[in-house]
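Take a look at the structure below.
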Amino acid sequence: MTDSSRIPDTPLFDRAGSIRGYKLNKMAMALGDPANRDAFRENEEAFLDRFGLSAEEKAAVMSRDWHEMVRLGGNLFFILKISAVDPVPITQIGAAQAGMDHAEFLAQRLGKV
Amino acid sequence: MATIIGGLGTSHVPSIGVALDRGLRDTPDWKPFFDGYEVGKEWMREAKPDVAVVIFNDHGNSFFLDRVPTFAVGVAETYKPVDEGWGPRAIAPFEGAVDLSWHLVDKLVERHFDPLVCREIDVDHGLQVPMELFFGRPEAWPVKVVPIWVNTIQYPIPTPQRCWDMGRVLRETIESFPGDERVVILGTGGLSHQLQGARAGFINREADMAWLDGIANDPEHYRNMTREDYVEQFGSEGAELIMWLVMRGAMDPKVKLIHKHYHAPASMTGAGMVVLENEG
């Protein structure tokens, strides 16, 4: 299953993504531990530095740019832990992926009125 | 020998657990979803199983990308709910059906599957939510569990055919187990949803409805589909549906579709369930 671009607008988390996003996902995975959540809240940038994130990755996390985090190899299941520390509804993250505003996303994609 | 008394398919969306935690069961958003599961819970009460085999995927909670088992089997005595970032949930730990788990490991390896064998591991919403949907929130779960993890996160994920074949071995495992346990098999995940990429929010109600009937009456169709077909029809995360094939592969070629239910969207997902019994 190497051709991950066959289905339009549907990135698959393949070898390239996994390698590219490894540090970012590792940082996010660590937020499963309450002590790490405290450290993240206390000094986010220092926490990101502990995992060796690049300037680009740090900027994406610190601005909660969900689209950019995925582009950099972040997998949603890991980066969702950021939204547990700093609550954001998953539909808003979905809207960011789709490049739509939240209300438009709920109506057009999920059929909610 | 132990007996397979039913095969169930269900979504395992994390927001279902959150809705229960926050007492949102009867809100307009959630009531139609939960109401549809009542027949499944009723079926379960009457079926009185001893063991639930739960096939699910971890969502970056118990496994990181440092080690990605294509298939893993739990042989632990207890499985605690894992902290997924929001803190631990107030649900009972799950007791393992240790002997049946080890018997499954023996049979799998004998039949040329090579699972990771997990002696100490927590479980995420992939197992928790299906148990809550069919058993409610008891102080202690009325069944022991055999967890089977399938990698659906990092490609390559296993093929639909491979999941089916694992179901065949699961059946052989249960039928050759020296005990009189009544076993239910829960295939979990799906239905259609996509959380990543510009197609995020993709839900395919038509394909989902066809799936609920087809998994009962035309499983060959779904066994023969490619992983790409699953992604295309059900969304990138909807490809989780391959895990229902492990359940279906363990059942008779002909089954009775006792109950089905569909509701969309549950959070960002087409959600549903089936209850199947062997024609026997």
Side-chain angles (χ1 to χ4, degrees), chain A residues 1-4 6-19 21-22 25-26 28-34 36-37 66-67 69-71 73-85 87 89-91 93-100 104-112, chain B residues 13-15 18 28-29 57-66 68 82-88 122 124-126 151-159 193-203 205 226-239 264-270:
Chain A
M1 188 133 183
T2 50
D3 181 11
S4 63
R6 190 175 74 83
I7 302 157
D9 301 326
T10 303
L12 297 181
F13 193 66
D14 58 8
R15 184 197 312 186
S18 186
I19 293 170
Y22 195 79
N25 290 318
K26 190 168 179 179
M29 178 80 181
L31 298 173
D33 178 342
N36 286 330
R37 295 199 284 272
W66 305 101
H67 185 267
M69 282 187 250
V70 170
R71 193 187 69 80
N75 178 282
L76 207 84
F77 290 118
F78 297 103
I79 64 173
L80 266 180
K81 289 178 179 48
I82 299 167
S83 78
V85 178
I90 189 169
T91 46
I93 297 174
Q97 303 297 315
M100 299 165 88
E104 187 188 15
F105 178 79
L106 290 176
Q108 289 183 19
R109 294 284 165 95
L110 304 181
K112 293 184 83 100
Chain B
V13 186
S15 343
V18 176
D29 255 6
N57 64 291
D58 179 67
H59 304 77
N61 292 304
S62 301
F63 295 113
F64 181 58
L65 302 168
D66 56 340
V68 181
V82 70
D83 182 342
E84 301 189 25
W86 285 268
D122 297 337
D124 77 358
H125 65 265
N151 164 42
T152 61
I153 301 292
Q154 175 183 272
Y155 283 80
I157 65 173
T159 62
H193 63 302
Q194 178 155 335
L195 308 178
Q196 320 192 56
R199 198 173 69 143
F202 172 77
I203 290 180
R205 289 169 175 81
T226 65
R227 290 166 290 184
E228 288 91 338
D229 294 335
Y230 274 82
V231 172
E232 191 161 33
Q233 287 193 28
F234 298 106
S236 49
E237 281 70 37
S267 182
M268 277 171 65
T269 303

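Residue numbers begin at 1 in each chain, while the letters A, B, ... track the order of the sequences. Note that the structure is a prediction, hence the values are computed from the model and not measured.
The residues B:Asp29 and A:Lys112 are annotated as salt-bridged, a charged nitrogen and a carboxylate oxygen being separated by less than 4.0 angstrom.
The greatest number of non-hydrogen atom pairs below 4.5 Å with chain A, out of B:Leu195, B:Val82, B:Thr269, is found for B:Leu195. Counting heavy-atom pairs under 4.5 Å between each of A:Asp9, A:Val85, A:Thr91 and chain B puts A:Asp9 at the top. In terms of heavy-atom pairs under 4.5 Å with chain B, the best-connected choice from A:Pro87, A:Gly111, A:Ser18, A:Gly17 is A:Ser18. Highest contact tally toward chain A, considering only B:Val68, B:Thr159, B:Ile153, is held by B:Ile153 [criterion: heavy-atom pairs under 4.5 Å]. Per-residue heavy-atom pair counts under 4.5 Å with chain B were compared for A:Leu106, A:Leu31, A:Ile90, and the maximum is reached by A:Ile90.
Listed here is the closest heavy atom pair of A:Ala98 and B:Ala200: CB-O, 4.1 Å. For the residue pair A:Pro11 and B:Gly197, the shortest heavy atom distance occurs at CD-CA, 3.4 Å. What you find for B:Met268 and A:Gly94 is that their closest heavy atoms are CE-CA, 3.9 Å. Considering every non-hydrogen atom in both A:Ser83 and B:Trp86, the closest pair reads OG-CZ2, 4.3 Å. Residues A:Leu110 and B:Ser267 come closest through the heavy atom pair CD1-O, 3.8 Å.
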With side-chain contact (heavy atoms from CB on, under 4.5 Å) as the criterion, how do A:Thr10 and B:Phe202 come out once you've worked through the C-alpha distance, each side chain's angles and the decisive distance to 0.1 Å? CA-CA 10 Å; A:Thr10 303; B:Phe202 172 77; over 6 Å; no
Would B:Asp83 and A:Arg37 count as a side-chain contact (heavy atoms from CB on, under 4.5 Å) if you check the C-alpha gap in whole Å, the side-chain angles of each, and the deciding distance to 0.1 Å? CA-CA 12 Å; B:Asp83 182 342; A:Arg37 295 199 284 272; 2.8 Å; yes
CA sep, side-chain torsions, deciding dist, call: B:Gln196, A:Asn75, side-chain contact (heavy atoms from CB on, under 4.5 Å): CA-CA 8 Å; B:Gln196 320 192 56; A:Asn75 178 282; 3.6 Å; yes
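Considering only heavy atoms from C-beta on, A:Asn25 comes within 4.5 Å of B:Phe64 through its side chain. Put simply, the side chain of B:Asp124 does not reach to within 4.5 Å of the side chain of A:Phe77, judged on heavy atoms. The closest side-chain heavy-atom distance from B:Asp66 to A:Met29 is not below 4.5 Å. B:Asn61 is listed as a side-chain neighbour of A:Lys81, based on a closest heavy-atom distance under 4.5 Å.
Expressed to the nearest 0.5 Å, how far CG of A:Leu12 lies from CD of B:Gln154 amounts to 12.0 Å.
With sequence neighbours excluded, the residues forming a side-chain contact (heavy atoms from CB on, under 4.5 Å) with B:Glu232 are A:Arg6, A:Ile7, listed by chain and number.
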